Amino acid sequence: MTKMRAEVPTPTPEAARRRFLAALGAALGPILGGGLVAALVGPLATRRQEPPEEPRRALSLREADYYRPHDLAG
Amino acid sequence: MSSVTCELCPRGCVIPEGAAGDCRIRVNLGGKLRATTYGRPSAIHIDPMEKKPLYHFHPGAQIFSLATAGCNLHCLNCQNWQLSQRGGEEMEETYRAEPADIVAAAIEERCKAIAYTYSDPIVFYEYVYDTSVLARERGLTNVFVTAAYINREPLRRLCRVIDATNADLKAFDDGFYRRVNGATLKPVLDALVTFREEGVWMEVTNLVIPTLNDDLAMIRRMSRWIVSELGANTPLHFSRFQPQYRMRNLPPTPADTLRRARTEALDAGLRYVYIGNVLGDAGSSTYCPRDKTLLIGRSGFTITDYNLTADGRCPTCHDKIPGVWS
């Protein structure tokens with residue numbers, strides 16, 4: 001078993017930041033009102049450009065057996 | 001746009017570029033079908049052989065068992081739905097293990113067999129095949145635990161490297177297969193006959209679900225078909241249903257229902273009929289069909305008595321008991 005490497009996805013810092021802001025918004029929203037919270041938290045949540053989502057892990061690209069390629073019109 | 005038709009299982013999925021087949025893990029990328037979980041198992045355990053269940057194949061042995069995500073059936077009562085009804089990229093944990101890694105790990109763990117199991121290994125066919133070839137070369141045996149919804153040609157090729165199978169026969173009713181499993185009956189029957197023709201040691205499991213497939217007349221028809229097409233020496237396991245997944249509205253199968261099913265199958269001519277998932281039931285043990293000598297006693301997955309001779313005979317009448325005992 002030691003020869004195998006388990007791959008467990010870990011949240012990126014960006015994902016953690018978004019989760020924190022979402023939780024903050026959910027907590028403050030009922031107190032301050034949704035519009036105010038959106039005005040305060042929204043710019044924070046959208047300031048940075050999202051990095052491209054990386055695939056959780058590389059899937060195998062092994063070609064399968066037993067299939068038939070064909071072109072469909074259109 | 002180049003689509004492909006997957007010819008592995010009777011579904012025959014026509015898969016557009018970028019999409020997956022019904023099993024979720026065979027994906028058309030650039031006009032080529034890819035097996036996306038090859039070398040990416042998501043479940044690895046060491047089990048007793050009796051858990052597969054195989055009762056006539058190396059009893060008591062430990063078997064290295066693995067699965068990847070995905071399945072070509074969608075059983076409402078699936079007990080491994082977190083694994084089977086997801087694609088490889090959706091799993092919380094995945095190992096990287098090429099076939100050689102699996103074989104080396106099995107040997108390191110002192111297992112003499114490898115099981116492809118949990119989800120349906122049909123969908124990770126290439127991984128099963130390549131691992132099985134290497135396992136054979138290292139003196140291990142291969143066990144294929146399946147619902148047998150596979151086309152004949154790929155199955156015949158696979159049978160060359162598989163030593164034993166436990167194949168589900170979920171009901172002797174096409175309507176049941178369509179409603180509960182999202183499949184059909186005939187390809188399954190054809191696959192079971194193929195296993196027999198190819199000489200793979202086979203045991204059959206029928207999970208008995210209250211009100212859905214516990215009709216004794218159907219069980220009698222199924223048992224007679226097994227006798228005529230697979231042989232009276234084919235072990236048949238009646239397993240107890242537990243409420244799971246999308247079928248939590250039904251109760252567990254009463255033990256008496258399983259006992260009646262067992263009696264029906266024995267009356268139909270089957271010689272080795274077992275009850276599964278009922279701890280300590282006498283129907284879980286193996287008896288000599290001729291003189292009723294207890295040959296192998298079982299409680300759960302544990303062997304409590306072992307009275308077979310070294311060459312697999314009844315110690316009383318010396319009849320040869322079918323199986324792989326060495």
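Every chain is numbered from 1 and lettered A, B, ... according to where its sequence line falls, protein lines coming before strand lines. None of these values were measured; they are calculated from a predicted model.
Side chain of B/Glu126 to main chain of A/Asp65: a donor-acceptor pair is present (N/O by atom type, distance under 3.5 Å, no hydrogens or angles).
Put simply, the side chain of B/Arg34 does not reach to within 4.5 Å of the side chain of A/Ser60, judged on heavy atoms. Side-chain contact between B/Arg26 and A/Tyr67 is absent, with no heavy-atom pair separated by less than 4.5 Å. Within the 4.5 Å cutoff, the side chain of A/Arg62 has heavy atoms near those of the B/Asp130 side chain. Residues B/Val4 and A/Arg68 form no side-chain contact, since every pair of their non-hydrogen atoms from C-beta on lies 4.5 Å or further apart.
Using a 4.5 Å heavy-atom cut-off against chain A, the contacting residues of residues 154-166 of chain B are B/Pro154, B/Arg157. At a heavy-atom separation below 4.5 angstrom, chain A is approached by no residue within residues 181-192 of chain B.
Neither the backbone nor the side chain of B/Glu98 comes within contact range of chain A; no heavy atoms are under 4.5 Å apart. For B/Leu33, the parts sitting under 4.5 Å from any heavy atom of chain A are the backbone and the side chain alike. Both the backbone and the side chain of B/Tyr38 have a heavy atom closer than 4.5 Å to some heavy atom of chain A.
Within 6.0 Å of CD in B/Gln79 there are 12 or fewer heavy atoms belonging to other residues, nucleotides or ligands. More than 12 non-hydrogen atoms from other residues, nucleotides or ligands lie less than 6.0 angstrom from CZ of B/Arg152. Around atom CD of B/Glu153, no more than 12 heavy atoms belonging to other residues, nucleotides or ligands sit under 6.0 Å away.
Considering every non-hydrogen atom in both A/Pro69 and B/Gly31, the closest pair reads CB-O, 4.0 Å.
In this structure, the separation between NE2 on A/His70 and OG on B/Ser2 is 8.0 Å, given to the nearest 0.5 Å.
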